[in-house]
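Scroll down for the structure; my scribbles are underneath it.
In what follows, every chain begins at residue 1, and chains take the letters A, B, ... in the order their sequences are listed. Basis for what follows: all heavy atoms, side chains included, without hydrogens, waters or symmetry-related copies.
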Amino acid sequence: VSFVLDRRLPILDADERQLSLLKVLLVEDNTVDAGFVRGLLRSADQNVQCEHIHSLAQALKLLDAGGFQVVLLDLNLEDSSGYETFAQLKARATDAAILVLSGSDDEELAIRTVREGAQDYLVKGSFDGRLLLRSVRYAWERKRAEDALRKSEATVRAVFEGSLDGIAIVADDGICLESNSAAAALFGLTKDELHGTDIFSFSADTFARQWRKLRECGSGRGQFWIRRPDDGARRLLDCCFNANILPGSHLAVLRDITEQHNLEEQLRQSQKMEAVGRLAGGVAHDFNNILGVISGYAELLQLSANQETLRSKAEKILTATEKASALTRQLLAFGRRQVMKPTLLSVASVVAELSSMITALVGAETQIVVEVSGDPGLVKVDQSQLEQVILNLTTNAHEAMPQGGQMRVRIDRYVSSGNGGDVARGEYVRLAISDTGCGMSPEVAARAFEPFFTTKKTGSGLGLSTVYGIVKQSGGHLIVQSTPGEGSTFTVYLPVVATEAAQPARRVLEDGRHFEGSETILLVDDEEQLRGVVAEYLEGCGYRVIQAANGEEAIALAKDCRSNIALLISDVVMPKANGRAVVDHIRAAHPETAVLVISGYANDTVLQRGFLDSSSFLQKPFTLQLLGSKIRELLDGKAAGAR
Amino acid sequence: LNDEFDSTVLWNRIGHDRELLGELVSVFASEGPLMLAQIEKAVEHCEPELLQKASHKLKGSLLQFSASRAARLAQQLELMGKNGSIEGATAVLNNLRGELQSVLIYLRNMEAQPERF
């Protein structure tokens with residue numbers, strides 16, 4: 001056979017001859033050869049139109065005008081010869097397939113043109129009409145298919161490179177064969193560095209195991225942690241996987257979900273704390289009522305007992321209920337249901353006030369360093385709550401260093417851009433309390449603020465949860481950083497509200513007065529026992545007490561009462577009409593009546609503006625002495641106001 | 001197979017199209033001598049480049065007609081031109097001239113009585 005065809009072509013059937021019209025440009029300076037080609041084409045297929053020209057210059061001109069699908073090109077023309085003829089034509093014939101016509105002795109050149117983009121070549125004198133036609137048709141079909149493939153490749157390449165997700169092609173053994181820039185960035189490398197690298201080297205064994213499993217499944221999705229070699233950061237990657245997109249080549253689409261994972265963790269933690277807080281608040285409320293009854297009767301017993309031994313036993317009951325009530329206060333603080341009396345405070349001044357107490361608490365083996373940088377500004381928080389935060393954190397730091405060490409208390413101003421995620425945008429007074437103690441593992445640190453979670457033998461598990469509750473209630477943030485064996489730092493961020501320094505308020509202690517009176521008091525509480533003990537005490541003090549078991553009954557009794565009701569003492573959460581309804585009714589119907597609200601907790605729904613202020617609120621459990629004092633304060637204040 | 005001219009191959013190549021054969025013979029009858037004249041000119045004026053080009057052209061046409069022997073002679077001249085040496089070209093040219101005449105006679109006969117081929 002004197003000709004070579006680089007691809008096997010099937011014989012055309014009748015249907016193929018009915019193909020669409022093809023326009024062929026024949027570039028040939030030999031009139032005899034051109035006659036052969038044109039004649040063969042014409043007799044083979046009427047749907048092929050052939051235009052013959054003699055020179056390359058003419059060919060380029062016609063190709064610029066467009067419209068030809070195939071160019072049949074003789075390489076040796078009047079105005080050009082050899083490979084140069086093909087090169088010039090190829091540059092211009094972007095939309096047409098080129099079929100080279102060669103002599104028997106220049107096949108080598110013809111093969112080169114095929115390598116450079118010609119669809120095929122035909123040796124003169126070796127083809128008949130059928131072969132010529134088939135070559136022309138297939139040249140055009142191949143050209144179209146190649147163009148479509150090129151477009152498709154360009155699209156895929158653009159998607160591959162432009163994707164925000166990392167895309168990597170990985171071999172069986174985990175070696176990265178190809179990747180886009182996003183994938184390289186996920187691993188902290190350049191594309192060149194990533195290619196040829198074993199991607200399992202970035203991760204623990206789990207990744208390799210998951211990888212094998214995914215390969216067995218053919219496709220799937222998994223998550224795995226990697227450690228980036230550049231900065232050592234641990235990142236969580238979400239991987240969508242397709243095995244054998246080509247034999248031995250696997251596609252991995254990767255997305256860094258570390259931030260999302262961290263936020264979800266935070267949300268889960270925060271939801272858990274919220275739920276535990278609600279539970280703790282609820283339990284504390286019910287428990288307070290019970291404690292109220294116990295302490296009330298103990299007080300009555302103490303007041304009425306003639307024997308010293310009885311009084312002493314009652315005193316012990318009262319001491320125990322005080323301790324129990326301190327616990328419920330901490331639970332309420334965690335549940336953010338403590339009644340706050342926020343005032344402008346300097347955190348540094350409060351720390352200074354407490355310094356002697358902290359020093360006594362920690363002992364000589366622990367060195368305390370207090371650092372205040374510049375003017376940290378003022379915060380608006382409840383002083384006793386802030387004191388509790390400081391004491392709980394310093395106690396915690398001290399207990400983390402049983403052999404002694406250094407406790408550092410730093411106070412400064414901190415401006416958060418909000419980008420870090422942990423502290424919302426704004427200006428804060430930052431209070432950081434660090435110790436050089438045993439530190440915590442990440443698992444322990446994650447649970448540090450949970451109520452009743454403790455690693456200490458004698459701990460209540462309420463110290464840090466109380467701190468958490470108070471800080472959150474005060475609009476602040478609390479962050480813990482800890483390294484096992486090195487120590488921990490608890491950092492409290494409280495919003496700055498002013499810069500002028502204010503002095504912490506001095507506590508006013510009650511003196512031991514007797515609280516007798518003869519006024520009429522309307523007492524509303526659905527807790528029968530608590531109502532009973534309070535009524536008994538008040539009647540003992542000389543008051544006339546009208547008792548109601550719920551709001552509705554209280555309103556009805558107030559309407560029927562002929563004498564002047566000097567004071568309403570009302571619980572908040574009650575069946576039928578609640579405390580709010582009773583207070584509103586009394587204030588409207590008897591504006592002269594003083595109001596004292598008592599509650600096991602005070603959450604947002606009851607602490608509404610205008611409903612009550614701190615002067616007319618008493619948190620359960622309270623001592624009867626405190627109640628007596630509060631009543632006189634309110635009634636005497638009213639009387640003074642009336643005068 | 002005929003060494004100088006394979007009419008069966010040619011006849012098959014053109015799909016037994018008598019009309020096409022007529023057209024092609026007519027073109028070759030006028031163009032062939034012109035191509036030969038170019039070769040003669042190249043030999044006479046000792047122009048190897050022209051000799052190569054003109055011989056190549058004629059060779060291509062002879063191959064189209066399956067005139068192998070004539071094509072080989074044209075190829076010899078083409079090589080001489082390519083190598084820049086036209087020594088002995090005149091003898092080859094004389095042979096080629098005779099072969100071309102024979103081919104044209106053959107083709108005319110074939111055109112006139114295709115059934116004999």
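- The residue among B:A71, B:S30, B:G15, B:S61 with the most heavy atom pairs within less than 4.5 Å of chain A is B:S61.
- A salt bridge is defined here as a Lys NZ or Arg NE, NH1 or NH2 lying under 4.0 Å from an Asp or Glu carboxylate O, and A:R144 with A:E141 meets this definition.
- Near-neighbour residues of residues 47-54 of chain B relative to chain A, defined by a heavy atom under 4.5 Å from a heavy atom of that chain, comprise B:K53.
- Proximity to chain B is limited to the backbone of A:E78, based on heavy atoms less than 4.5 angstrom apart.
- Remark: of the listed residues B:I39, B:L73, B:L63, B:L77, B:I39 is the sole one forming a side-chain contact (heavy atoms from CB on, under 4.5 Å) with B:L58.
- With a 4.5 angstrom heavy-atom cutoff, A:N76 touches chain B only via side-chain atoms.
- Between A:S181 and A:K191, the closest side-chain pair of non-hydrogen atoms falls below 4.5 Å.
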- Message: Walk me through whether A:R150 and A:D147 qualify under salt bridge (charged side-chain N to carboxylate O under 4.0 Å, His left out).
- Response: CA-CA 5 Å; A:R150 234 191 317 276; A:D147 284 352; 2.5 Å; yes
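- In this structure, chain A has a heavy atom under 4.5 Å from the side chain of B:E78, while its backbone stays farther away.
- Proximity of A:L56 to A:Q88: side-chain heavy atoms (C-beta onward) are separated by under 4.5 Å at one or more points.
- No other option in A:L40, A:T31, A:V32 has as many heavy-atom pairs under 4.5 Å with chain B as A:V32.
- Across all their heavy atoms, B:L96 and B:A74 have their closest contact at CD1-N, 4.2 Å.
- Only the side chain of B:L24 has a heavy atom closer than 4.5 Å to any heavy atom of chain A.
- Using a 4.0 Å cut-off between a side-chain N of Lys or Arg and a carboxylate O of Asp or Glu, A:R157 and A:E161 qualify as a salt bridge.
- With a 4.5 angstrom heavy-atom cutoff, A:R38 does not touch chain B via any of its atoms.
- Taking the side chain as every heavy atom from C-beta outward, A:D33 and A:L101 never approach each other to under 4.5 Å.
- Using a 4.5 Å cut-off between heavy atoms, B:L10 contacts chain A through its side chain alone, with no backbone atom that close.
- Side chains of A:L251 and A:I169 form a contact here, defined as non-hydrogen atoms less than 4.5 Å apart.
- Taking the charged nitrogens against the carboxylate oxygens, A:K124 and A:E28 do have a contact shorter than 4.0 Å, which makes a salt bridge.
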